Amino acid sequence: MKTKLQIKREQANLTIEQLALKASKKVDSGSDSHLELVIKSIETQRCLCPKPRKTYEWKALAKALKCDVSEIFEEEAE
């Protein structure tokens with residue numbers, strides 16, 4: 001099953017590497033290789049961040065995809 005992030009990334013016609021590079025240019029900290037790992041983690045649904053909406057990674061990815069964080073973030077089932 002595809003994540004919201006993966007669907008949005010594919011709609012933008014971007015590879016994981018391209019999105020990571022684009023997102024890394026949107027934030028002051030974080031390298032494209034770090035963001036690439038974050039994207040892979042999210043898309044494989046092994047997101048380790050307890051509050052990902054509050055992290056710069058989600059915000060950078062949303063900016064790079066020209067959308068709101070809520071469009072790519074999925075709430076975990078309790």
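What you see is a predicted model, and the numbers here were worked out from it, not measured in a lab.
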Look up atom NZ in K25 and atom NZ in K22, then write down how far apart they are to the nearest 0.5 Å. 10.0 Å
Without swapping roles, check the side chain of S41 against the backbone of L37 for a donor-acceptor pair under 3.5 Å. no
Within-4.5 Å side-chain heavy-atom neighbours: L35 and L19: no
Verify side chain to side chain contact (heavy atoms under 4.5 Å, CB included) between L5 and L65, making sure each step is shown before the conclusion. CA-CA 9 Å; L5 175 61; L65 290 168; 3.7 Å; yes
4.5 Å side-chain heavy-atom contact, R9 and E43: yes
Single-linkage hydrophobic cluster, 4.5 Å side-chain cutoff, L61 and F73 together: yes
Taking C-beta and beyond as the side chain, do W58 and I42 meet within less than 4.5 Å on heavy atoms? yes
Find out if a path of hydrophobic residues (ILVMFWY) with successive side-chain heavy-atom gaps under 4.5 Å connects I72 to L14. yes
What I'd like to find out is whether the side chain of E57 reaches to under 4.5 Å of the side chain of H34, using heavy atoms alone. yes
Measuring from E10:CD to T15:OG1, what's the distance to the nearest 0.5 Å? 11.0 Å
Say you draw a straight line from CD of E36 to CG of L21; how long is it, rounded to the nearest 0.5 Å? 10.0 Å
Using a strict threshold of under 4.0 Å (side-chain N to carboxylate O), is an ion pair present between E71 and K4? no
Partners meeting side chain to side chain contact (heavy atoms under 4.5 Å, CB included) with I7 (sequence neighbours left out): K2, Q11
